[in-house]
A.B. asks: 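One structure, pasted below without further comment.
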Amino acid sequence: MANKIRELPKGYTDTPVLPGSPWRVHDIARPAPPVVRPPSSSTQERPGTPPSDAVVLFDGSGFDAWVGRDGEAPKWRLVDGGAMEVEPRTGDIHTRASFGSCQLHVEWSAPTQIRADSQGRGNSGVFLLGLYEIQVLDGYQNPTYADGTTAAIYGQYPPLVNACVPPGQWHVYDIVFEAPVYRDGELASPAYMTVFHNALLMHHRQELQGPTLHRRLASYADPHGPRGPLTLQDHGDRVRFRNIWIRPLHRFQAE
Ligand code: MG
């Protein structure tokens with residue numbers, strides 16, 4: 001027989017209205033958050049599962065969500081462990097769909113065969129809107145310029161710490177990206193990024209200076225749309241990716 005539970009108030013109708021809000025404190029009519037099944041954690045051996053409200057961009061089964069150079073099918077390879085691998089010099093790959101502000105989860109690993117150091121070791125990148133790069137690099141005992149190391153906002157901001165695991169092991173990026181806003185061709189709000197690498201905070205709502213550039217200053221001089229593809233970079237190294245999912249953010253505050 002089911003236990004009889006004590007039923008308590010589900011909210012109130014006689015409390016003060018919250019400043020800047022239509023809702024009262026503990027308002028009984030305020031909508032409950034949608035129920036979402038959370039992701040399961042990955043292990044080194046196997047990728048976890050995405051949350052139930054994510055757009056799955058790669059789960060190991062194929063490149064359906066992606067296009068390669070000139071809009072053709074990606075020439076990267078599917079490999080063991082539910083992963084894909086960069087096929088060097090076949091070009092970057094891009095999602096078919098466009099995204100704006102979002103929460104993004106990406107896992108990657110660097111090749112164990114080391115042929116070069118600095119920017120020549122396990123280099124790839126994750127580009128939001130195809131423009132704003134979080135650097136992917138094998139930064140494990142691999143000195144390079146700080147704003148180009150693992151989890152750097154490339155060319156602008158080093159990560160707070162180096163949380164790299166050895167080559168061949170899986171890294172996890174969790175990114176919150178706020179797309180810039182242009183109005184009448186003028187920048188109204190810059191881009192912001194929050195980045196966790198292997199569960200450690202690397203960038204805390206960092207304001208970006210503009211789309212990523214190499215050896216030059218970034219700027220917002222060239223207006224672009226509010227959405228763009230997610231891009232993974234072919235920098236000539238056999239970097240692997242797995243368990244990629246994204247949650248578009250339509251707003252940053254719950255109602
Ligand atoms: Mg790169």
Side-chain angles (χ1 to χ4, degrees), residues 57-58 66-69 74-77 83-95 99 102 104-175 177 191 193-198 200 202-203 206 208-219 224 228-244 246:
L57 295 175
F58 183 74
W66 300 85
V67 290
R69 190 182 276 166
K75 295 189 172 62
W76 295 15
R77 296 192 305 134
M84 63 163 96
E85 184 178 278
V86 175
E87 185 61 37
R89 288 167 293 282
T90 63
D92 299 347
I93 67 171
H94 318 272
T95 55
F99 303 95
C102 63
L104 174 68
H105 178 96
V106 177
E107 302 180 24
W108 60 273
S109 72
T112 52
Q113 193 176 20
I114 294 166
R115 295 200 181 88
D117 65 3
S118 186
Q119 295 290 305
R121 211 175 115 175
N123 195 334
S124 181
V126 175
F127 287 73
L128 284 300
L129 268 61
L131 294 170
Y132 298 88
E133 183 184 15
I134 286 290
Q135 172 70 313
V136 167
L137 189 84
D138 178 6
Y140 184 81
Q141 300 175 354
N142 178 29
T144 190
Y145 46 86
D147 67 16
T149 195
T150 318
I153 295 173
Y154 188 82
Q156 299 181 23
Y157 300 100
L160 292 171
V161 297
N162 180 333
C164 286
V165 291
Q169 292 192 24
W170 287 97
H171 298 248
V172 179
Y173 280 177
D174 286 290
I175 299 168
F177 178 73
M193 271 204 218
T194 299
V195 178
F196 290 84
H197 174 205
N198 294 335
L200 297 180
M202 298 291 155
H203 305 278
Q206 177 64 58
L208 272 61
Q209 298 172 6
T212 301
L213 292 173
H214 178 55
R215 298 183 51 142
R216 286 189 290 146
L217 292 177
S219 86
H224 57 74
L230 181 75
T231 296
L232 301 179
Q233 184 184 44
D234 168 13
H235 201 282
D237 296 327
R238 292 187 179 277
V239 173
R240 294 183 170 194
F241 292 91
R242 72 177 187 185
N243 194 23
I244 307 174
I246 193 166

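One-based numbering, in listed order, for ligands and for the atoms of each. For this chain, numbers begin at 1 and follow the sequence in order.
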A.B. asks: Take Phe241 and Phe58, measure what ring pair (Phe, Tyr, Trp, His ring centres under 6.0 Å) needs, and give me the verdict at the end.
C.D. replies: CA-CA 9 Å; Phe241 292 91; Phe58 183 74; 8.8 Å; no

A.B. asks: Quick one: salt bridge (Lys or Arg N to Asp or Glu O under 4.0 Å) partners of Glu85, sequence neighbours excluded?
C.D. replies: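 Here the qualifying residues are Arg77, Arg238, Arg240.
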
A.B. asks: So which heavy atom on Pro159 is nearest to which on Ala146, and how close?
C.D. replies: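 It is CD-O, 3.9 Å.
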
A.B. asks: Phe127: which residues meet the ring-ring contact (aromatic ring centres under 6.0 Å, His included) condition with it, sequence neighbours left out?
C.D. replies: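 Residues passing ring-ring contact (aromatic ring centres under 6.0 Å, His included) with Phe127: none at all.
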
A.B. asks: Suppose the cut-off is 2.8 Å; how many protein N/O/S atoms fall inside it around the Mg ion (ligand 1)?
C.D. replies: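 That number is 5, waters not included.
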
A.B. asks: Not counting sequence neighbours, which residues clear ring-ring contact (aromatic ring centres under 6.0 Å, His included) with His197? List them please.
C.D. replies: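 With sequence neighbours excluded, His197 shows a ring-ring contact (aromatic ring centres under 6.0 Å, His included) to His171, Tyr173, given in chain and number order.
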
A.B. asks: Examine the side chains of Asp147 and Gln156 and answer whether a donor and an acceptor come within less than 3.5 Å of each other.
C.D. replies: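 Short answer, no.
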
